[in-house]
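Data block below; observations after.
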4 protein chains.
Amino acid sequence: MSDTNVASFPAGSEDETSDVGGVAGKRLKSFIDRIERLEEEKAALAEDIKEVYGEAKATGFEPKTIRQIVKLRKVDLEKRREADELLELYKAAIGME
Amino acid sequence: MSDTNVASFPAGSEDETSDVGGVAGKRLKSFIDRIERLEEEKAALAEDIKEVYGEAKATGFEPKTIRQIVKLRKVDLEKRREADELLELYKAAIGME
Amino acid sequence: MSDTNVASFPAGSEDETSDVGGVAGKRLKSFIDRIERLEEEKAALAEDIKEVYGEAKATGFEPKTIRQIVKLRKVDLEKRREADELLELYKAAIGME
Amino acid sequence: MSDTNVASFPAGSEDETSDVGGVAGKRLKSFIDRIERLEEEKAALAEDIKEVYGEAKATGFEPKTIRQIVKLRKVDLEKRREADELLELYKAAIGME
DNA sequence: ACCGTGGTTAGCTTTC
DNA sequence: GAAAGCTAACCACGGT
């Protein structure tokens, strides 16, 4: 492997953040690792979702319709949340809690 | 005058895109003019909206509350729209329409 | 307790605020109406702008490029305006005008 | 009922689809449930990621910078994967493996 | 006066 | 290849 290390700036071998950024470098690497791990999981879920749509389609359900339903239900949820927030605002306005 | 004219390409008088990009240049300029005109109007409206919030506040209404109401009503509208779209989808599915 | 339902979201029919929030409710409704009206117009303009970009693209101009130009010209405009303001300041300082 | 509750089935109790769509309705609901569940998890991960960026920022690292690094490493990863795939292709072409 | 937050916009990906 | 949905950067507002 030659040129694929573009972004691991230490330029040297792996795990070599210490000589460049010292402790800070290690913390940074830790953050990046955590983020990459989480994004991997997130991508896997996106993949799963796609598969479910695929299954549904194979069973005869239009993905488009399902998406619309999911979307509508989401808007529903959101509406409820917004209404709650408004209520809190009103309560605050009249001094309740 | 140093670098303030970075983007005013014609550099000289108006309508001087012809010698550089020819007809294409003129069309491009036309597009840009239209966009700039529209964005101006849009900015003016944003300003107006801000003023209304200001007035409301001066009258004793919390901008925050008003924003929340406006938002909630918007979600409401959206919900209705999504429901309509779903209905269309259903109708199409059963061959109506 | 007098105005807890101030906003009783018009979801239903018109003029629903009168019996609940009284005059205050009417004023609030008026503010909301004005805001919604303005936001509608603003959204319409945003739509128009999008369309212009679409046209431009269909004609062979990259939207991305046009956006950059528009942005450049905007900061340019601002620079010029600020320079003018500065000039006015100077003139005022030395008693001109 | 003037409102647009066409699709908010679950609003009430479970299993409400049976009398309408029969078995098909149940399968549809199952698909929707699975999708919503997965999307929830996905949203939770997005939240987690945001938090990590927040932590990083609190530690003095610019989120923007970290994002750039993460992006760079991602395309890097892709490059490596594609190179591997190409290698496999070559090996297959010459009869290895 | 600054920070944090929420809204807006642009660029990318995916879908049709 | 056009259109839409998703995501990330930007900006402006409100709060402290």
Side-chain angles (χ1 to χ4, degrees), chain A residues 35 38-39 42-43 45-47 49-51 53-54 56-57 62-72 74-75 78 81-82 85-86 89 92, chain B residues 35 38-39 42-43 45-54 56-57 61-68 70-72 74-75 78 81-82 85 89 92, chain C residues 35 38-39 42-43 45-60 62-72 74-75 78, chain D residues 35 38-39 42-43 45-58 60 62-72 74-75 78:
Chain A
I35 290 166
L38 292 168
E39 298 226 316
K42 186 155 151 273
L45 283 171
E47 195 60 28
I49 291 169
K50 243 175 100 177
E51 279 172 30
Y53 276 112
K57 181 169 191 174
E62 283 291 325
K64 194 173 174 180
T65 304
I66 299 185
R67 283 180 198 279
Q68 187 63 27
I69 294 170
V70 170
K71 193 173 169 188
L72 180 53
K74 198 169 153 197
V75 171
E78 195 186 345
R81 216 191 49 227
E82 301 297 349
E85 281 176 24
L86 184 56
L89 238 39
Chain B
I35 289 167
L38 292 168
E39 297 226 315
K42 186 153 149 277
L45 282 172
E47 195 61 27
D48 291 349
I49 291 169
K50 239 175 102 177
E51 280 171 29
V52 178
Y53 277 111
K57 181 169 191 175
F61 295 109
E62 284 292 325
K64 192 172 175 182
T65 305
I66 299 185
R67 282 180 198 280
Q68 187 63 25
V70 169
K71 193 174 168 189
L72 180 53
K74 199 169 151 197
V75 171
E78 195 186 345
R81 218 191 48 228
E82 301 297 348
E85 280 176 26
L89 238 39
Chain C
I35 289 167
L38 292 168
E39 298 224 316
K42 184 156 153 273
L45 282 171
E47 194 62 25
D48 290 348
I49 291 169
K50 237 177 107 179
E51 279 173 30
V52 177
Y53 277 111
E55 268 185 64
K57 180 169 190 175
T59 316
E62 283 293 322
K64 195 172 174 180
T65 306
I66 299 185
R67 282 180 198 279
Q68 279 171 338
I69 294 169
V70 169
K71 190 186 285 182
L72 262 175
K74 194 174 161 195
V75 309
E78 277 163 21
Chain D
I35 290 166
L38 291 168
E39 298 224 318
K42 185 155 152 273
L45 282 171
E47 194 61 28
D48 290 349
I49 291 170
K50 238 176 105 181
E51 278 172 30
V52 177
Y53 277 111
E55 267 186 65
K57 180 169 190 175
E62 282 294 322
K64 194 172 174 181
T65 306
I66 299 186
R67 284 182 196 280
Q68 281 172 337
I69 294 169
V70 170
K71 189 187 287 181
L72 262 175
K74 193 174 162 194
V75 309
E78 277 162 23

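Chain A is the first sequence line, chain B the second, and so forth, proteins listed ahead of strands; every chain is numbered from 1.
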Output the rounded distance in Å from CG (C:Leu72) to C1' (E:dA10). 16 Å

N/O (side chain, B:Lys50) to phosphate O (OP1/OP2, F:dC13) under 4.0 Å: yes

Measure the distance from CG on C:Leu38 to P on E:dT8 and round it to the nearest whole Å. 14 Å

Would you kindly compare C:Pro63 and B:Gln68 by the position of their nearest DNA chain E nucleotide and give the one closer to the 5′ end? B:Gln68

Nearest-nucleotide comparison on DNA chain F, the residue closer to the 5′ end among B:Arg67 and D:Lys42: D:Lys42

Just checking B:Lys57: base, sugar-phosphate only, or nothing, at a heavy-atom cut-off of under 4.0 Å? nothing

Does B:Tyr53 or D:Lys64 map to a spot on DNA chain F nearer the 5' end, using the closest nucleotide for each? D:Lys64

So what does A:Lys71 hit on the nucleic acid, given a heavy-atom distance under 4.0 Å: a base, only sugar-phosphate, or nothing? sugar-phosphate

Rounded to whole angstroms, how far apart are CZ on B:Arg81 and P on F:dG5? 9 Å

Separation of F:dA2 P from C:Glu62 CD (nearest whole Å): 11 Å

Could you grab the distance from atom NZ of D:Lys71 to atom CD of A:Glu39, nearest 0.5 Å is fine? 11.0 Å

In whole Å, what is the span from the CD1 atom of A:Ile35 to the C1' atom of F:dT7? 15 Å

To the nearest Å, give me how far apart CD (D:Glu47) and C1' (E:dT5) are. 13 Å

Take D:Glu78 and D:Lys74, measure what side-chain contact (heavy atoms from CB on, under 4.5 Å) needs, and give me the verdict at the end. CA-CA 6 Å; D:Glu78 277 162 23; D:Lys74 193 174 162 194; 4.0 Å; yes

Closest heavy-atom contact between A:Leu89 and B:Thr65? CD2-CA, 3.5 Å

What integer distance in Å separates A:Glu39:CD from E:dC12:P? 17 Å

Does B:Glu82 reach the main-chain N or O of A:Gln68 with its side chain, forming a donor-acceptor pair under 3.5 Å? no

What is the distance, to the nearest angstrom, from the CG atom on A:Leu45 to the P atom on F:dT7? 12 Å

Least distance between heavy atoms, B:Lys42 atom then C:Ile49 atom: CD-CD1, 4.1 Å

